[in-house]
Amino acid sequence: MEIAPELLEAKRVEEKRLPPLPGAEPGKVVTRLPPEPSGYMHIGHAMSGLLNYLYAKMYDGRIWLRFEDTDPRKVRLEYYESFRRGYRWLGIEWDHEKNNSDDMELFYRYAEELIRAGKAYVCTCPVEKIRRLRAQGEGCEHRSLGVDENLSLWNEMLAGGFREGEAILRLVGDMKHTNTTMRDPALFRIIEHKHPLTGSRYRVWPLYDFAVSIEDYLCGVTHVLRTSEFALRDELQNYIRSLLGLNRHPVYIEYSRFEFKGTPVSKRRLRAILEAGLAKSWDDPRFPTIEGVRRRGILPEAIREFTITQTGFSYAKREYDWSLLFAINRKILDPVARRLFFTPNPVKLLVEGAPETSIEAPYHPSNKDLGSRILRAGDKFYISGADAKKMKPSEVYRLKYLLNFRVLDVRSDQVRGEFLGMEPMKDVQIIQWVPADEHVEVEVLVPDVLYLNDEINPESLRVVRGFGEMAVETVKLDEIIQFERFGFCRRDSDNELRFIFAHD
RNA sequence: GCUCCGGUAGUAUAGCCCGGACAAGUAUACGGGCCUUUCGAGCCCGUGACCCGGGUUCAAAUCCCGGCCGGAGCACCA
């Protein structure tokens with residue numbers, strides 16, 4: 001029985017679904033993308049963002065893009081854009097956008113409300129003392145200050161009466177709580193540093209838990225999908241909201257970070273690579289940054305499918321093998337990528353008796369829409385050095401689409417053979433080639449993992465040079481093609497024939 | 001150190017809540033075969049896992065206890 005292939009395909013896609021979201025009602029789900037614009041977006045952000053987006057979509061809900069930008073010292077304008085660009089590239093469409101720094105006045109009002117309710121106090125202890133006391137589970141003398149006194153201290157903070165580090169606003173929590181985040185956490189601190197969006201207008205900045213609690217309420221967020229380092233904060237954030245009468249809490253789902261073997265996402269370790277001179281920029285194809293991953297030829301659809309099929313809400317540490325992502329990428333690429341000839345480390349080949357001719361070669365073995373090109377040939381060629389090296393006299397090979405030849409002799413700089421005919425022969429090794437007088441120089445960057453066994457891999461980027469057939473010039477910037485028997489490569493430069501190897 | 005949370009093949013996961021058709025499913029990787037004018041794709045076959053020990057039960061990957069290992073948090077970062 002014949003089954004229409006498109007039905008099979010539909011079934012395949014149908015099966016790839018995220019597990020149901022607890023407590024989700026169609027049409028009512030609201031999620032959020034909460035990047036901190038303090039670095040370039042990387043693949044971990046991408047997968048986490050995708051999860052939030054996909055669930056919003058799955059339940060016909062809405063999603064916010066909300067920048068968690070309340071540490072002026074870390075935040076930079078270019079990073080906001082990095083995230084917007086990254087999300088867009090992934091096909092994530094957000095319904096609303098805002099910054100936490102938009103709501104400073106509101107945060108101040110809520111702070112005052114907390115102080116008036118006797119639930120927050122200004123603490124002027126030195127940091128070390130605060131840390132020590134929190135560890136010991138004991139409060140300091142400021143905890144018992146009166147509301148009026150706290151109010152005037154708070155206003156003094158806002159007015160600039162304290163310098164950075166001299167005073168913070170703290171929540172009245174529970175100094176004995178086993179969840180240490182509940183032990184009178186800091187709500188606001190003073191930062192004397194220009195913010196890229198608000199300039200010098202504010203000097204008292206809310207901390208994460210305070211800003212997030214309020215923003216998640218304001219945005220009507222129903223589901224928070226985030227990595228596990230936040231797990232202990234659910235309780236705190238719910239508590240802050242309830243003190244403020246904001247009694248609608250999201251469902252929290254936490255999971256371990258998404259990391260790839262040999263490819264750290266930590267800024268510290270990536271910077272070490274940069275400082276060691278092993279990479280020049282954050283968009284290096286070996287980097288897990290979105291730009292790096294994109295340059296490497298990974299498709300957004302692949303990341304999307306990967307997130308849906310290979311991901312789970314596991315707390316256990318995980319380290320994905322790149323091959324898992326490559327396999328998906330390859331399956332997407334295979335039916336649409338043009339096939340071209342490339343001869344790395346080329347060696348000359350002379351086929352005695354080969355006629356002057358030209359052949360038409362399809363760009364794809366089965367996808368005819370991709371068209372074909374004409375290759376002209378005489379008796380002189382270049383073939384891949386690796387192929388030449390394997391050849392032994394009397395062996396028979398076929399230059400793909402062109403002719404068969406028998407090896408006469410093999411030297412390090414040239415292989416000589418005799419022409420055996422044009423028609424394909426059975427059980428003959430087929431190799432790629434370019435005409436000796438009609439080819440272009442091609443350079444392929446081959447990225448590998450940055451770290452091997454926890455140490456910097458000094459050979460994480462290889463450069464392969466060789467000759468490509470003339471049609472390589474028709475490959476557009478960003479187009480991903482397959483150099484036959486070499487691998488899928490993306491053109492990385494507009495004016496040079498420089499490619500980046502994705503995977504085989 | 002303290003507090004949480006985990007541990008299913010090399011890797012990533014399904015199953016665990018509600019114990020039984022799980023002699024553990026899938027993907028990837030690996031091995032073999034078929035197909036193919038690519039060492040790619042596709043198709044077929046195969047190797048490979050419930051951290052350890054005890055307990056509960058007719059029955060445990062699933063429940064309980066202990067151990068070991070791993071992760072996260074213990075910020076005036078997010």
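A note on names: the letters A, B, ... follow the listed sequences, proteins ahead of strands, and every chain is numbered from 1.
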Rounded distance in Å between the C1' positions of B:C76 and B:C16: 42 Å
Length of the line joining A:R226:CZ and B:A72:P, which is rounded to integer Å: 17 Å
Detail all sub-3.5 Å separations between protein N/O atoms and N/O atoms belonging to nucleotides 30-36 of chain B.
none

Can you tell me how far P of B:G40 sits from CG of A:D504, to the nearest Å? 7 Å
Remember a base hit wins even if backbone is also touched, and classify A:A231 as base, sugar-phosphate or nothing at under 4.0 Å, heavy atoms. nothing
Give me the distance, rounded to whole Å, that separates B:G55 from B:A49 when you measure between the P atoms they each carry. 25 Å
Side chains of A:N100 and A:T70: is there a donor and an acceptor less than 3.5 Å apart? no
For the residue pair A:Y397 and A:E395, confirm or rule out a side-chain donor-acceptor distance under 3.5 Å. yes
Salt bridge (Lys or Arg N to Asp or Glu O under 4.0 Å) filter on A:R406, not counting sequence neighbours, yields A:E418
Looking at residues at least two apart in the chain, or sitting in another chain, which of them share a side chain to side chain contact (heavy atoms under 4.5 Å, CB included) with A:V127? A:R131
Taking atom P of B:U37 as reference, at what distance in whole Å does atom CG of A:L340 sit? 19 Å
Could you tell me how far apart A:L236 (CG) and B:C4 (C1') are, to the nearest whole angstrom? 15 Å
Rounded to whole Å, how long is the line connecting atom CZ of A:R373 with atom C1' of B:U37? 12 Å
In this structure, how many angstroms lie between the C1' atom of B:G70 and the CD atom of A:E259, rounded? 14 Å
Strictly under 4.0 angstrom, non-hydrogen atoms only: write out the protein contact profile of nucleotides 7-15 of chain B, one letter per nucleotide from the 5' end, B, S or -. ----BBSS-
Separation between the P atoms of B:G31 and B:U47, rounded to whole Å: 16 Å
With a cut-off of less than 4.0 Å, is there a side-chain N or O of A:R17 near OP1 or OP2 of B:U26? no
Pick the C1' atom in B:A27 and in B:A14, then give their distance to the nearest Å. 11 Å
Rounded C1' spacing from B:U13 to B:G53 in Å: 27 Å
Measuring only the P atom in each nucleotide, how far is B:G67 from B:C74? A whole number of Å is fine. 26 Å
For a quick check of understanding: with a heavy-atom distance under 4.0 Å over all strands, which category does A:K390 fall into, base, sugar-phosphate or nothing? base
Answer yes if the ring centres of A:H503 and A:W322 are under 6.0 angstrom apart, and no otherwise. no
Residue pairs passing the salt bridge (Lys or Arg N to Asp or Glu O under 4.0 Å) test with at least one member in residues 161-173 of chain A, sequence neighbours excluded, are A:R73-A:E164, A:R163-A:E192
Looking only at the side chains, is there a donor atom on one of A:Y40 and A:E78 sitting less than 3.5 Å from an acceptor on the other? yes
Without decimals, in angstroms, what is the distance between A:W433 CH2 and B:U37 P? 17 Å
Checking A:R318 now: which residues fulfil salt bridge (Lys or Arg N to Asp or Glu O under 4.0 Å) with it, not counting sequence neighbours? none
Distance between P atoms of B:C5 and B:C44 (Å, rounded): 44 Å
With rounding to whole Å, what would you report as the distance between B:U56 and B:A12 at their C1' atoms? 33 Å
Under the rule for salt bridge (Lys or Arg N to Asp or Glu O under 4.0 Å), what residues qualify as partners of A:R183, not counting sequence neighbours? none
Counterpart residues, ring-ring contact (aromatic ring centres under 6.0 Å, His included), relative to A:Y320 (two or more places apart): A:F260, A:F306
What nucleic acid atoms does A:D387 come within less than 4.0 Å of, heavy atoms only: base, sugar-phosphate, or nothing? base
Do the two ring centres, one from A:H223 and one from A:Y55, sit under 6.0 Å apart? no
Any donor-acceptor N or O pair under 3.5 Å, side chains A:N99, A:S101: no
All pairs passing salt bridge (Lys or Arg N to Asp or Glu O under 4.0 Å) where residues 333-345 of chain A contributes a residue, at least two apart: A:D334-A:R339, A:R338-A:E479
Could you tell me the separation between the CZ atom of A:F483 and the P atom of B:U38, rounded to a whole number of Å? 18 Å
Sugar-phosphate or base contact per nucleotide [nucleotides 73-78 of chain B; S, B, -; heavy atom under 4.0 Å]: SSSBBB
5' priority, RNA chain B, between A:Q429 and A:I328 [closest heavy atom]: A:I328
Judged by modelled atom types alone, do A:Y255 and A:S48 share a side-chain donor-acceptor pair under 3.5 Å? yes
Under the rule for ring-ring contact (aromatic ring centres under 6.0 Å, His included), what residues qualify as partners of A:F67, not counting sequence neighbours? A:Y80
Only stems of 3 or more consecutive Watson-Crick or G-U pairs count here, both distances under 3.5 Å; name the ones for RNA chain B, or none. B:1-7 with B:68-74, B:10-13 with B:25-28, B:30-34 with B:42-46, B:51-55 with B:63-67
